[in-house]
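Fair warning: this is a prediction, and the values are worked out from it, not measured in the lab.
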Amino acid sequence: MATDFKSIPIIDISPLVAKCDDPERVQDPDVLEVVGQLDQACREAGFFYVKGHGIPDSLIKDVKNVTRKFFDLPYEEKLKIKLSAAAGYRGYQRIGENITNGIPDMHEAIDCYREVTPGMYGTLGKIIEGVNQWPHDPPYFKVLMEEYISFCADLSRKIMRGIALALGGSADEFEGERAGDAFWVLRVIGYPGVSSTNGQNAPENDIGCGAHTDYGLVTLVNQDDGITALQVRNLSGEWISAPPIPGTFVCNIGDMLKIWSNGMYDSTLHRVINTSPKYRVCVAYFYEPNFDAAVEPLDICKEKTGGIKKFGKAVYGEHLSSKLETNFV
């Protein structure tokens, strides 16, 4: 459960990244230090920055640059990959098409998912069947994003191995039928700046993305430099800013990890409000359970929380599908 945190902790995860698959990792004091920091951050805030993650800074910057180039294109060009239910909810959505808590979000985006072939998950996966709609302009967009997705998947798996140890389990607690064949979501997002006519008097409901929790295991947020817009709610209801820190990702935990941890770790409400006059880009990678994973509290977590199961069973694919059906105009 989140506390009254006043800032988001920064964790250097380089020891975990280096020794993630080393059988001797649990004897390594540097790895154990990272595991302890992950445990504290997940218990107290559900959000943390990661540095020492091993993803090239040049790639992180290139991804943001190509995102900005796409959103700079004329509207008609962006509509060539328009999101629709028929496309498996993949593609471009204009400003105001994404809905949070019944209110249109003031951002535009490209939504991408791990590709799902017909019949891959039976009726469960029908809603998400399809291939991603990558823009042809910029021409290197697809190749760059697929390289980035590969790096993010590897990093997320390593973080999850650290979190598994933090919960008191084995490092591979989330492998196999839980997240050994992890689903993923990528949202490439653009948030318009506050117009000069509105200034600081922009309406309160002019929110880039309304308050929400993420659906899966962990999220890696690649924020635009120099613009503070992401806010995280603490236990008292205060909104704590998560400013961009060069060389880091913001990482937060999602609903499925909350269930598996039996509430030891909570998925924290967060929102985005861009009060800057500058256009802000952000690329969020969501590392999820297996699409058909049945998610219920782990025994090790149930034992640590009074022996009572606080959550019933959830199927990740059903959880995602229910969100998709209500998230768009």
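For Asp154 and Lys158, the salt-bridge test passes: some basic side-chain N is under 4.0 Å from an acidic carboxylate O. With respect to Glu24 and Lys19, no salt bridge is recorded, no charged nitrogen being found less than 4.0 Å from a carboxylate O. Between Asp225 and Lys61 there is no salt bridge, since no side-chain N of the basic residue sits under 4.0 Å from a carboxylate O of the acidic one.
Closest approach of Ser267 to Asp255, counting heavy atoms only: OG-OD1, 2.9 Å. Closest approach of Glu129 and Gly122 over heavy atoms only: OE2-O, 4.3 Å. Closest of all the heavy-atom pairs between Trp260 and Ala294 is CZ2-O, 4.2 Å.
Residues satisfying the salt bridge (charged side-chain N to carboxylate O under 4.0 Å, His left out) test with Asp181, not counting sequence neighbours, are Arg114. Take Glu318 and apply the side chain to side chain donor-acceptor pair (under 3.5 Å) test, not counting sequence neighbours, and it matches no residue.
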For this session: Would you sort out whether Val188 and Met145 count as a side-chain contact (heavy atoms from CB on, under 4.5 Å), showing the intermediate values?
Result: CA-CA 10 Å; Val188 179; Met145 287 297 176; 4.1 Å; yes
For this session: Could you check Phe174 against Leu257 for side-chain contact (heavy atoms from CB on, under 4.5 Å), going step by step and ending with a plain yes or no?
Result: CA-CA 10 Å; Phe174 295 104; Leu257 185 52; 3.8 Å; yes
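Judged purely by distance below 3.5 Å, without hydrogens or angles, the side chains of Asp12 and Ser14 pair a donor atom with an acceptor atom. Side chains of His107 and Asn274: a donor-acceptor N/O pair is absent below 3.5 angstrom, by distance only. Counted by atom type alone, Gln133 and Arg90 present zero donor-acceptor pairs between their side chains at under 3.5 Å. Under 3.5 Å, the side chains of Lys323 and Tyr89 contain no donor-acceptor pair of N or O atoms.
Classified by interplanar angle (parallel below 30°, tilted 30° to 60°, perpendicular above 60°), the ring pair His212/His270 is tilted.
Put simply, the side chain of Asn234 gets close to the backbone of Ser236: a donor and an acceptor are under 3.5 Å apart. With hydrogens and angles disregarded, no donor-acceptor distance shorter than 3.5 Å links the side chain of Asp214 to the backbone of Gly254. Thr3 contributes a side-chain N or O that, together with a main-chain N or O of Glu44, makes up a donor-acceptor pair within less than 3.5 Å. No donor-acceptor pair under 3.5 Å is formed between the side chain of Asn262 and the backbone N or O of Pro297.
Atom CD1 of residue Ile149 and atom CG of residue Leu144 lie 10.0 Å apart, to the nearest 0.5 angstrom.
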